[in-house]
There are 2 protein chains.
Amino acid sequence: MKIGELAKLTGVSVRSIRYYESQGLISPIRQANGYREYSPLAVETVETIKLYLNLGLSTEQIAGFLHCVLKNKEAFCAEVMPLYRSKLEDIERQLVELNQIKRNLEERMASILQEQNESSLEACTLENLE
Amino acid sequence: MKIGELAKLTGVSVRSIRYYESQGLISPIRQANGYREYSPLAVETVETIKLYLNLGLSTEQIAGFLHCVLKNKEAFCAEVMPLYRSKLEDIERQLVELNQIKRNLEERMASILQEQNESSLEACTLENLE
DNA sequence: GTTGACTCTTACATTGATGTCAGGGTTTAT
DNA sequence: ATAAACCCTGACATCAATGTAAGAGTCAAC
């Protein structure tokens with residue numbers, strides 16, 4: 001099949017499929033006219049790439065084990081587990097950082113609201129005294 | 001003071017201070033020789049910029065309220081609270097997304113470990129039968 | 001044989017704060 | 001007066017996947 005059809009079948013843009021090729025993730029043969037020709041298996045390949053990209057892995061990381069996981073179960077690809085571990089550590093670091101920022105934001109918001117309340121209380125008191 | 005001194009006092013690189021200026025966050029006067037001249041108050045300005053950057057706000061957003069918060073308490077700067085709210089929403093979206101990815105990763109890791117365990121159990125059984 | 005729908009390659013844009021470098025002026029201390 | 005240390009502007013690089021567009025070739029249908 002041609003690249004446009006592969007794009008439709010997978011929901012991935014033509015641009016992205018060509019990019020995956022430039023990163024060594026997929027290698028279509030070329031027809032006499034220069035068009036890329038994909039086997040039906042390419043659909044699974046692209047779906048697999050999508051899956052790993054959605055897990056936050058980079059194309060470079062995916063390139064390291066894609067061949068293996070297309071032929072075997074993940075459990076038999078030794079490269080996968082260490083990547084998952086380090087990705088998980090990344091994510092946990094990001095979660096810590098985001099939660100820290102979140103707490104800081106919430107504290108600042110709370111203190112703004114408190115100051116505003118105090119101001120309106122003052123105002124009310126003044127009004128009451130008048 | 002000159003830019004190098006301001007950089008040392010604040011721990012912010014000269015490059016970044018110039019960048020803040022290009023974004024309209026700080027406006028030193030120029031000496032006859034073209035050098036930037038900062039008042040002592042610039043230290044507080046840069047520290048304040050740092051604080052908001054660390055909260056994840058962009059220089060563009062900071063530009064919208066920096067003048068106000070340098071003169072008043074945050075609670076009196078109407079622009080601040082809406083920004084905090086939308087930033088908090090951003091962060092909560094990111095937390096949801098990261099947690100989703102984390103769960104997916106952990107599931108995949110668990111199933112890999114399980115398959116590997118099953119494999120080694122099989123192996124052991126075979127050995128025992130020999 | 002012409003038009004429309006594909007395809008090709010190449011290349012720039014996106015995002016945003018920061019690093020770094022080049023080429024050139026200024027100041028300060030020796 | 002010279003060297004070291006500073007300052008200036010301008011510009012490119014970073015990260016990474018994707019969008020977009022130009023200019024050109026191919027193919028199918030009418």
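Chain A is the first sequence line, chain B the second, and so forth, proteins listed ahead of strands; every chain is numbered from 1. Here the structure is a predicted model, which means the values were calculated and not measured.
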Whole angstrom value for the distance that separates [atom2] of [N] from [atom1] of [X]:
X: B:Leu53; N: C:dG16; atom1: CG; atom2: C1'; value: 10 Å
X: B:Arg15; N: D:dT9; atom1: CZ; atom2: P; value: 11 Å
X: B:Glu21; N: D:dC8; atom1: CD; atom2: C1'; value: 11 Å
X: A:Tyr20; N: D:dT18; atom1: OH; atom2: P; value: 4 Å
X: A:Ile49; N: D:dA16; atom1: CD1; atom2: P; value: 17 Å
X: A:Asn33; N: C:dC8; atom1: CG; atom2: C1'; value: 9 Å

### Query
Once you build an axis from the first five pairs and another from the last five of the helix from C:dG1-D:dC30 to C:dT30-D:dA1, how far apart in angle are they, to 10 degrees?
30°
Pair [X] + [Y]: basic N to acidic O under 4.0 Å:
X: A:Lys8; Y: A:Glu5; value: no
X: A:Glu92; Y: A:Arg85; value: no
X: A:Glu115; Y: B:Lys73; value: yes

Please determine, for the side chain of [X], which listed nucleotide ([options]) has the closest atom?
X: B:Arg18; options: D:dC27, D:dT9, D:dG25; answer: D:dT9
X: B:Tyr35; options: C:dG25, C:dT18, D:dT26; answer: C:dG25
X: A:Arg30; options: D:dT18, C:dA17, C:dT9; answer: C:dT9

### Query
Looking across every strand, which nucleic acid part, if any, lies under 4.0 Å from A:Arg36 by heavy atom: base, sugar-phosphate, or nothing?
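It contacts sugar-phosphate atoms only.
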### Task
Using salt bridge (charged side-chain N to carboxylate O under 4.0 Å, His left out) as the criterion, list what pairs up with B:Arg108, not counting sequence neighbours.
A:Glu74
### Task
Inspect the surroundings of CD in A:Glu97 and state if more than 12 heavy atoms from other residues, nucleotides or ligands are less than 6.0 Å away.
no
## Note on the structure
Result for 5'-nearest mapping on DNA chain C, choosing between B:Ser13 and B:Lys2, is B:Ser13
